[in-house]
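Structure record follows, encoded as structure tokens.
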Amino acid sequence: MKNTVTVIGGGLAGLSAAVFLTKEGFKVNLYEASPKLGGRAYSFFDKSIGDYVDNGQHIFASWYKNTFEYLKIIGSYDKLYFQKQLEVIFTNLKAQNYILKASKLPPPLHLLGGLMNFKAIKLVDRLAAIRLINNLKNKKISDEMLTEMNTDELFKKTKQTKRLLESFWKPLIIAVFNADPEDTSAYMFSEIIKTGFIEKGGSNLVFPDVFLSELLVNPALKYLETKRANIKAGKKINRLNIKNHELTSIIAEDKEEITSNYYVSAIPFYDVKNLFGSNAILGEKDGLFPSPIVNIHFKFEKDISSIFNNRFSGILGANIQWVFRVKNDQLCLVISSAKKITEMDKESIISLCKNELYKCFPALSEYKITGTRVIKEMRATFMPDKNSLKLRPDCKTKIENFFLAGDWTNTGLPATIEGSVKSGKICTNEIIKHSKSL
């Protein structure tokens, strides 16, 4: 039983913890309550579409170093497409296109160079963007001040223009944080700006060339099987047995008692009370609020790539924020920070999205849609406001051999794939450190 680790939860945080731990020589047991693994990063066959769909559409960024390490270990890193430089095509409801393309200058001038040629904004807007980036780069606004405000307050303080907010800052924030500026921590926003736009090589976008299960989940399971990890889906953990500040065992729903040297909880933030039973482990850090995302999948009767020939497009001034070309006859429309949309029935959502899609790309209206699927993720992420900074728990808990993983833990990142994977890496490093101290 020496150096065994039990991971509770088979989402991406749990899978990454299991992969990193296994690579370091630990014997890993992983238990997932649902029949599937991967959490929000999984794919399934949909009868109405007649093909596979991803549960949630994702873009990666070139600063996802933990994710890339994970993919290299499991052998699917080659299934990614890397932009050579940041380029996003935006379209509005009048079918007008605007290209945001970073220049070849060093950061942050590459972004400022791109904004200079971004026709959706004017000179006064570009100057406002320069003012904000300079404030962050030169620390004219302290970290202490940033932690006490949300991003809308930062925008007011740096005199950002309405047009810049609607055409650039707001789409960026909603895409990264799944929240509006008034619900996004200014400190977290500033850290993403530094990582993605001020540090070298951080702003380019990265796209999966396969469905998410083929990229993130199935190769991980194959890797873990070759390392003789014990993976069980459909096995719920009901209770923790804690004695003298040590987790001695966990009890499954079928009454099985499971013991190991270390334990990692990788369950979502909204399930922690069900497992922990009290605040003895988290203290008062259990007040995070969910933020929903809606994905709408459209299957067309034939190839539409001559009309929609980009991998994705940003949408300005609409409920839809992003449109992805999944296949040549299949699109996925994404609406983040979607509380109002989730209150609508699926038929109304489809009607709304068709109307906006056809306004943005009129020629698509000539192609018959043969299948639709609406996926409402009511608790896709947590709300990343300034209060969340104090509510996200650290990986280490009060229990010496018990650790927390998940994009909602204190990774310093928003609830992204990179946040999930990073949490698994943090847990692995802490367990290694603890095991070496014995």
Side-chain angles (χ1 to χ4, degrees), residues 40 56-59 61 88 90-93 100 120-121 125 128-129 132-133 135-136 141 145-193 195-197 269-270 287-296 312-323 333-344 349 352-353 356 375-392 407-408 412-416 419:
R40 285 194 65 245
Q57 202 70 36
H58 292 276
I59 303 177
V88 182
F90 289 94
T91 302
N92 64 19
L93 295 174
L100 175 65
I121 61 176
D125 311 311
L132 185 145
I133 291 173
N135 269 271
L136 296 180
I141 303 175
M145 291 178 65
L146 289 170
T147 59
E148 296 301 322
M149 65 174 77
N150 283 326
T151 309
D152 62 327
E153 299 171 80
L154 173 64
F155 288 156
K156 290 176 184 176
K157 192 173 184 65
T158 55
K159 298 180 181 178
Q160 300 303 287
T161 64
K162 182 178 180 181
R163 183 167 41 237
L164 182 64
L165 292 177
E166 294 301 320
S167 299
F168 182 67
W169 289 130
K170 190 172 179 180
L172 172 66
I173 288 172
I174 289 176
V176 174
F177 294 95
N178 187 31
D180 291 295
E182 58 268 27
D183 294 317
T184 301
S185 158
Y187 176 78
M188 288 180 65
F189 169 75
S190 70
E191 290 298 298
I192 290 298
I193 294 300
T195 301
F197 297 116
F269 69 91
Y270 46 81
L288 293 169
F289 294 96
S291 183
I293 294 176
V294 178
N295 287 266
I296 305 95
F312 82 115
S313 285
I315 308 298
L316 299 177
N319 291 282
I320 303 168
Q321 293 134 4
W322 303 96
V323 179
L333 288 58
V334 179
I335 304 176
S336 299
S337 188
K339 187 176 185 303
K340 290 182 179 179
I341 300 299
T342 59
E343 295 170 355
M344 299 168 58
I349 293 173
L352 170 70
C353 290
E356 291 188 348
I375 302 174
K376 296 181 181 180
E377 280 287 341
M378 302 302 293
R379 298 177 294 193
T381 66
F382 66 89
M383 193 71 74
D385 61 11
K386 60 184 179 183
N387 296 323
S388 71
L389 295 178
K390 302 172 184 177
L391 295 171
R392 298 174 72 178
D407 60 12
W408 59 281
L413 299 174
T416 56

Among Leu333, Ile293, Ile335, Leu316, which residue meets the side-chain contact (heavy atoms from CB on, under 4.5 Å) test with Gln321?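 Running side-chain contact (heavy atoms from CB on, under 4.5 Å) over Leu333, Ile293, Ile335, Leu316 with Gln321 returns exactly one hit, Ile335.
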Tell me whether [X] contacts the main-chain N or O of [Y] through its side chain, where contact means a donor paired with an acceptor under 3.5 Å.
X      : Y      : answer
Ser190 : Tyr187 : yes
Thr151 : Thr184 : yes
Asn150 : Lys386 : yes
Gln160 : Ala128 : yes
Ser167 : Ile121 : no
Thr161 : Leu164 : yes
Glu356 : Ala318 : no

Are Trp408 and Phe382 an aromatic pair by the rule of ring centers under 6.0 Å?
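Between Phe382 and Trp408, which both carry aromatic rings, the centre distance is not below 6.0 Å.
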How far apart are the closest heavy atoms of [X] and [Y], and which atoms are they?
X      : Y      : answer
Cys353 : Ile296 : SG-CD1, 3.7 Å
Pro290 : Met383 : O-CE, 4.1 Å
Leu165 : Pro171 : O-CD, 3.6 Å
Leu93  : Gly317 : CD1-O, 3.3 Å

Are [X] and [Y] packed together at the side-chain level, in the sense that at least one heavy-atom pair is separated by less than 4.5 angstrom?
X      : Y      : value
Thr381 : Phe177 : no
Phe197 : Ile133 : no
Ile193 : Leu172 : yes
Val88  : Trp322 : yes
Phe155 : Pro181 : yes
Val294 : Glu377 : no
Asn92  : Ile315 : no
Lys376 : Ile349 : yes

For this session: Kindly determine whether Asp180 and Ser337 satisfy side-chain hydrogen bond (donor to acceptor under 3.5 Å, both in side chains), including the steps that lead there.
Result: CA-CA 7 Å; Asp180 291 295; Ser337 188; 3.1 Å; yes
Practice prompt. Determine, step by step, whether Asp407 and Leu413 satisfy the side chain to side chain contact (heavy atoms under 4.5 Å, CB included) criterion, reporting the C-alpha distance in whole Å, the side-chain angles of both residues, the deciding distance to 0.1 Å, and the verdict.
Written response: CA-CA 8 Å; Asp407 60 12; Leu413 299 174; over 6 Å; no
- Item | Chi angles and distances behind the side chain to side chain contact (heavy atoms under 4.5 Å, CB included) call for Leu146, Leu154 | CA-CA 8 Å; Leu146 289 170; Leu154 173 64; 4.0 Å; yes
If you apply the rule side chain to side chain contact (heavy atoms under 4.5 Å, CB included), what do you find for Leu389 with Ser185, and how did you get there? CA-CA 8 Å; Leu389 295 178; Ser185 158; 3.5 Å; yes
A quick test of your reading: do over 12 heavy atoms of other residues, nucleotides or ligands sit less than 6.0 Å from NZ of Lys157?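 Check fails, neighbour count at 12 or below.
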Check the surroundings of atom CZ in Phe289: do more than 12 heavy atoms from other residues, nucleotides or ligands lie under 6.0 Å from it?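 Result for CZ/Phe289: open.
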- request: Give a yes or no on whether a salt bridge exists between Lys162 and Glu166, defined as a side-chain N under 4.0 angstrom from a carboxylate O.
  value: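 No, Lys162 and Glu166 are not salt-bridged.
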message: Does Phe312 form a side chain to side chain contact (heavy atoms under 4.5 Å, CB included) with Val323? I'd like the steps, not just the answer.
response: CA-CA 5 Å; Phe312 82 115; Val323 179; over 6 Å; no
